[in-house]
Amino acid sequence: MNTQPIRVGVLGFGGLGQAAAKLLSSKQEMILVAAADQKGYAYYTEGLNTDACITTYRKQGTVGYLEPVGTLSNNSIQDLIQATGDAVDGYFLALPNLPNDFIPNVAKQFIQTGWKGVLVDAIKRTSAVEQLLGMKDELQAAGITYMTGCGATPGLLTAAAALAAQSYAEIHNVVITFGVGIANWEAYRATVREDIGHMPGYSVETARAMTDAEVEALLDKTNGVLTLENMEHADDVMLEIAGICSRDRVTVGGVVDTRNPKKPLSTNVKITGRTFEGKISTHTFTLGDETSMAANVCGPAFGYLKAGQELHQRGISGLFTAAEIMPKFVK
């Protein structure tokens, strides 16, 4: 067994990226060696100081100012990949999925630089995952093991649905309902904007174009609560690829409270089907209310990164989803 910790980079250093860095600081099997945001990156082979990264980002707007290991750059992802080469084993793409082709375009940057390793995303939209599916052969040829849809939903809940489906001969429906509570929306700007893009009358483009003041005005109207129904969530295409059920049997919706850390409702997935004896039944998997969005997204993302690293070491590359591979627990 390889006793060296897996050297990890985090791309995107907003709420999710910072939470990912905090989570990694408590792990022995992984070490954060690189972080990038829109204006710069930081890289240190012995491991970045999480607190210093977060403080620098919050005070100065980029980890690029982190002395002496930061570099300012307007092309931070490309520059980071080139500066580090194969010194980073895997990256968590804690990036906004706005515009819709943003994460697939980042994957293309990795292919073009000739980097080989593991990439993990917590992507949400079906259409974004479909773009990555179109790159399957390119990723395989490039020697990249790409794990997509590895957050909470898609991710943890999709994997739970794939497991729960085994009790049934036929799956009638999979219903994912999430509750998210955050103390203030500024900590998760990109995530909240992405959620607004799922609301009736809004699109990815309109949500992305909204100013902070416009987002606040919308939240004032809804008392800080966003109610989302029939979202375009990649759980559907992931369960279809895994052979569980057709995508039209999967629905995702939820409630996001942007002014209260307490969850407005418990996040759960319900899998209804018919057993081989002809009985109709429902399995329900419910997440504990005390687990935050960050815990339920970052934990699985790194579990899948570890699983991806094991595949990569066995010479297996290409594209995999959270419904096809079991995550490994990161100690």
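All values below come from the heavy atoms of this structure, side chains included, with hydrogens, waters and symmetry mates left out.
Across Ala161 and Val269, no two heavy atoms sit closer than the pair CB-CG2, 4.2 Å. Across every non-hydrogen atom of Lys116 and His312, the tightest pair is C-NE2, 4.0 Å. For the residue pair Ala322 and Gly149, the shortest heavy atom distance occurs at CB-O, 3.2 Å. Closest heavy-atom contact between Met30 and Pro5: N-CB, 4.1 Å. Across all non-hydrogen atoms, the minimal contact from Leu239 to Ala162 is CD2-N, 4.1 Å. For the residue pair Leu132 and Ala107, the shortest heavy atom distance occurs at CD2-CB, 4.1 Å.
A donor-acceptor pair under 3.5 Å is absent between the side-chain atoms of Gln28 and the main chain of Lys331, judged by distance alone. Using a distance-only test at 3.5 Å, with no hydrogens or angles considered, a donor-acceptor pair links the side chain of Thr126 to the main chain of His233. In this structure a side-chain-to-backbone donor-acceptor pair under 3.5 Å is present from Ser317 to Gln140. Proximity of a side-chain donor or acceptor of Gln131 to a complementary backbone N or O of Pro104 within less than 3.5 Å is not detected. With hydrogens and angles ignored, the 3.5 Å screen pairs a side-chain donor or acceptor of Lys306 with a backbone N or O of Phe329. Thr55 places no side-chain N or O within 3.5 Å of a backbone atom of Ala52 that could act as its donor or acceptor partner. Between the side chain of Thr145 and the backbone N or O of Leu119 there is no donor-acceptor pair closer than 3.5 Å. In this structure, the side chain of Ser203 engages the main chain of Thr206 through a donor-acceptor pair within 3.5 Å.
Leu228 and Tyr202 fall within the same hydrophobic cluster, defined by Ile, Leu, Val, Met, Phe, Trp and Tyr side-chain heavy atoms under 4.5 Å apart, directly or through other members. Leu319 and Ile241 fall within a single hydrophobic cluster, where Ile, Leu, Val, Met, Phe, Trp and Tyr are joined by side-chain heavy atoms under 4.5 Å apart, directly or via other members. A single hydrophobic cluster is seen to contain both Val256 and Val252, as judged by linkage of ILVMFWY side chains at heavy-atom distances under 4.5 Å, directly or through other members. Taken together through direct or relayed side-chain contacts under 4.5 Å among Ile, Leu, Val, Met, Phe, Trp and Tyr, Leu24 and Val120 form part of one hydrophobic cluster. In the hydrophobic clustering of this structure, Leu23 groups with Val297; members are Ile, Leu, Val, Met, Phe, Trp, Tyr whose side-chain heavy atoms approach within less than 4.5 Å, directly or through other members.
Note that the CD1 atom of Ile196 and the CE atom of Met210 stand 4.5 Å from one another [nearest 0.5 Å]. Note that CG of Asn268 and OG1 of Thr286 are 4.5 Å apart. Values are rounded to the nearest 0.5 Å. For the atom pair CG (Leu66) and OG1 (Thr71), the distance works out to 10.0 Å, reported to the nearest 0.5 Å. Interatomic distance, OG1 of Thr158 versus CG of Asp235, reported as 4.0 Å (0.5 Å rounding). Rounding to the nearest 0.5 angstrom, the gap separating the CG atom in Leu305 from the CG atom in Asp121 is 11.0 Å. Leu93 contributes atom CG, which lies 5.0 Å from atom CG of Leu11 (distance to the nearest 0.5 angstrom).
Under the 4.5 Å side-chain criterion, counting only non-hydrogen atoms from C-beta, Thr84 is in contact with Leu80. For the pair Ile6/Ile31, no side-chain contact is recorded, criterion being any heavy-atom separation below 4.5 Å from C-beta on. For the pair Arg58/Gln18, a side-chain contact is recorded, criterion being any heavy-atom separation below 4.5 Å from C-beta on. Contact of the Lys279 side chain with the Arg274 side chain is not registered, since no non-hydrogen atoms from C-beta on lie closer than 4.5 Å. Residues Thr267 and Asn296 have side chains not in contact (no heavy-atom distance under 4.5 Å, counting atoms from C-beta outward). Using a 4.5 Å cut-off on side-chain heavy atoms (C-beta onward), Thr113 and Gln78 make contact. Here the side chains of Lys108 and Met135 are in contact, with some heavy-atom distance below 4.5 Å. Proximity of Val69 to Tyr43: side-chain heavy atoms (C-beta onward) are nowhere separated by under 4.5 Å.
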**Request:** Go through the steps for Ser73 and Lys39 under the test side-chain contact (heavy atoms from CB on, under 4.5 Å), then give the verdict.
**Result:** CA-CA 5 Å; Ser73 163; Lys39 297 171 192 159; over 6 Å; no
**side-chain contact (heavy atoms from CB on, under 4.5 Å) between Glu310 and Ile325, worked out** = CA-CA 11 Å; Glu310 289 183 15; Ile325 305 281; over 6 Å; no
**From CA spacing to verdict: side chain to side chain donor-acceptor pair (under 3.5 Å), Gln38, Ser76** = CA-CA 7 Å; Gln38 282 178 320; Ser76 57; over 6 Å; no
**Prompt:** Step by step, would you call Ile271 with Tyr168 a side-chain contact (heavy atoms from CB on, under 4.5 Å)?
**Reply:** CA-CA 9 Å; Ile271 303 94; Tyr168 304 112; 4.0 Å; yes
**Item:** Test log, rule salt bridge (Lys or Arg N to Asp or Glu O under 4.0 Å), inputs Lys124 and Asp195
**Value:** CA-CA 10 Å; Lys124 286 187 197 169; Asp195 287 338; 3.1 Å; yes
**Request:** Take Leu287 and Leu157 through the side-chain contact (heavy atoms from CB on, under 4.5 Å) test and state the conclusion after the steps.
**Result:** CA-CA 9 Å; Leu287 304 186; Leu157 295 167; 4.2 Å; yes
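At a cut-off of 3.5 Å, with distance as the only test, a side-chain donor of Ser167 or His283 sits close to an acceptor on the other residue. In this structure, a donor-acceptor pair under 3.5 Å is present between the side chains of Asp248 and Ser246. Side chains of Glu130 and Ser127: no donor on one and acceptor on the other come within 3.5 Å.
The number of heavy-atom neighbours closer than 6.0 Å to CD of Glu170, taken from other residues, nucleotides and ligands shown, is above 12. By the 6.0 Å contact criterion, CG on Asn74 is open, its count of non-hydrogen atoms from other residues, nucleotides or ligands being 12 or less. Within a 6.0 Å sphere centred on NZ of Lys270, other residues, nucleotides and ligands contribute 12 heavy atoms or fewer.
Test Asp257, Val192, Val255 against Leu226 for side chain to side chain contact (heavy atoms under 4.5 Å, CB included) and you get one pass: Val192.
A salt bridge between Arg208 and Glu214 is absent, with no side-chain N of the basic residue lying under 4.0 Å from a carboxylate O of the acidic one. In summary, Asp86 and Arg7 do not engage in a salt bridge, as defined by a charged side-chain N under 4.0 Å from a carboxylate O.
Taking the six-membered ring where tryptophan is involved, the planes of Phe302 and Phe92 are perpendicular, since the angle between them exceeds 60° and thus also 30°.
Hydrophobic cluster membership for Phe13: Ile54, Tyr57, Val63 (Ile, Leu, Val, Met, Phe, Trp, Tyr linked by side-chain heavy atoms under 4.5 Å, directly or transitively).
Applying the ring-ring contact (aromatic ring centres under 6.0 Å, His included) definition to pairs two or more places apart or across chains, those involving residues 97-119 are Tyr91-Phe110, Tyr91-Trp115, Phe110-Trp115.
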